[in-house]
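What follows is a single structure, written as structure tokens, with notes after it.
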Amino acid sequence: MSRRNGRVIAFQALYSWDVSKSSLDDLLTFSWLQKDSEIEAGVSEQTAVISETAKEERTFASLIIAGTISHIDEIDKLIENHLSASWSMDRISRVALAILRTSIYELLFQNGAEAKIVIDEAVNIAKDFDTDDSYKFINAVLDKIGKDEAKRA
């Protein structure tokens, strides 16, 4: 299973949730994933392996999506508290916000999630899906939150 793919799916779902106000149930059906129809239409052995992998990725993504939404107020408050004085929530791109939210959920609520891995994945996802420099912003915010949480533990 690729946790990276699960994280990408989760970030995309959170982006959709934020922009279109899709319901959690709609997000968790994953009908919006283009690959689903292609994977489930196949009958070869290779496709069966891909399909099993896709199910594991969706399961991982589901945990992140549902958990993030259920803790959204707490997560958003943490983001606000870790922004520099010149930044506000309104200034954060929707893509960066979705990446931050899912990553913070993992850092705070998923047992065994290693901060370094979660932050590295968030940075790489930002490099792939957001503006050129957003990964620096995401890295800085997540690093501050990770360090603050480590002090509390």
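None of the values given here were measured: they were computed from a predicted structure.
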Is there a donor-acceptor contact under 3.5 Å from the side chain of T29 to the main chain of D26?
-> yes

Heavy-atom pair with the smallest gap, counting every atom of A122 and I138 | CB-CG2, 4.0 Å

Hey, does L108 have a side-chain heavy atom less than 4.5 Å from the side chain of H71?
-> no

Kindly compute the distance separating CD1 (I72) from OH (Y105), expressed to the nearest 0.5 Å.
-> 12.0 Å

Decide side chain to side chain contact (heavy atoms under 4.5 Å, CB included) for K136 and V123; before the verdict, give the C-alpha distance in whole Å, the side-chain angles of both, and the deciding distance to 0.1 Å.
-> CA-CA 8 Å; K136 295 174 187 175; V123 165; over 6 Å; no

Tell me, with the steps shown, if I104 and I79 meet side chain to side chain contact (heavy atoms under 4.5 Å, CB included).
-> CA-CA 9 Å; I104 291 168; I79 294 169; 3.3 Å; yes

Indicate the atoms forming the closest heavy-atom contact of L27 with A13, along with that distance.
-> CD2-O, 3.6 Å

Atom of R7, atom of E106 and distance for their closest heavy-atom approach = NE-OE2, 2.8 Å

First locate atom OH of Y15, then atom CZ of F129, and finally report the distance between them rounded to the nearest 0.5 Å.
-> 12.0 Å

If you measure from the Lys or Arg side-chain nitrogens to the Asp or Glu carboxylate oxygens, is any gap between R3 and E57 under 4.0 Å?
-> no

Could you grab the distance from atom CG of L14 to atom OG of S103, nearest 0.5 Å is fine?
-> 10.0 Å

Say you draw a straight line from CZ of F11 to CG of L100; how long is it, rounded to the nearest 0.5 Å?
-> 11.0 Å

Flag side-chain contact, heavy atom, 4.5 Å: D148 against H82 = yes

So which heavy atom on L107 is nearest to which on A115, and how close?
-> CD2-CA, 3.4 Å

How far does CD1 of I69 sit from OG of S22, to the nearest 0.5 angstrom?
-> 9.0 Å

Are Y135 and I117 joined in one hydrophobic group, where the rule is that I, L, V, M, F, W and Y side chains link up if heavy atoms are under 4.5 Å apart?
-> no

Residues R94 and D130 bridged, charged N to O under 4.0 Å | no

Nearest non-hydrogen partners of L78 and I145, listed with the distance | O-CD1, 4.1 Å

Kindly check if the number of other-residue, nucleotide or ligand heavy atoms within 6.0 Å of NZ (K21) is above 12?
-> yes

Less than 4.0 Å between a side-chain N and a carboxylate O, is that true for D132 and K127?
-> no

Can a salt bridge be assigned to the pair D143 and K147 using a cut-off of 4.0 Å between side-chain N and carboxylate O?
-> yes

To the nearest 0.5 Å, atom CD1 of I92 lies from atom CG of L97 at 5.5 Å

Check for a donor-acceptor pair, side chain of T102 on one end and backbone N or O of I99 on the other, with a separation under 3.5 Å.
-> yes

Enumerate the residue pairs fulfilling side-chain hydrogen bond (donor to acceptor under 3.5 Å, both in side chains) with a member in residues 110-125, sequence neighbours excluded, ordered by first and then second residue.
-> K116-D120

Flag the pair S88 / E80 as yes when at least one side-chain heavy-atom distance between them is below 4.5 Å, and no otherwise.
-> no

Using a 3.5 Å cut-off and no angle test, enumerate the donor-acceptor pairs between side-chain atoms of residues 59-68 and protein atoms at least two apart in sequence or in another chain.
residue: T59; atom: OG1; partner: K55; partner atom: O; Å: 2.9
residue: S62; atom: OG; partner: R58; partner atom: O; Å: 2.8
residue: T68; atom: OG1; partner: I64; partner atom: O; Å: 2.6

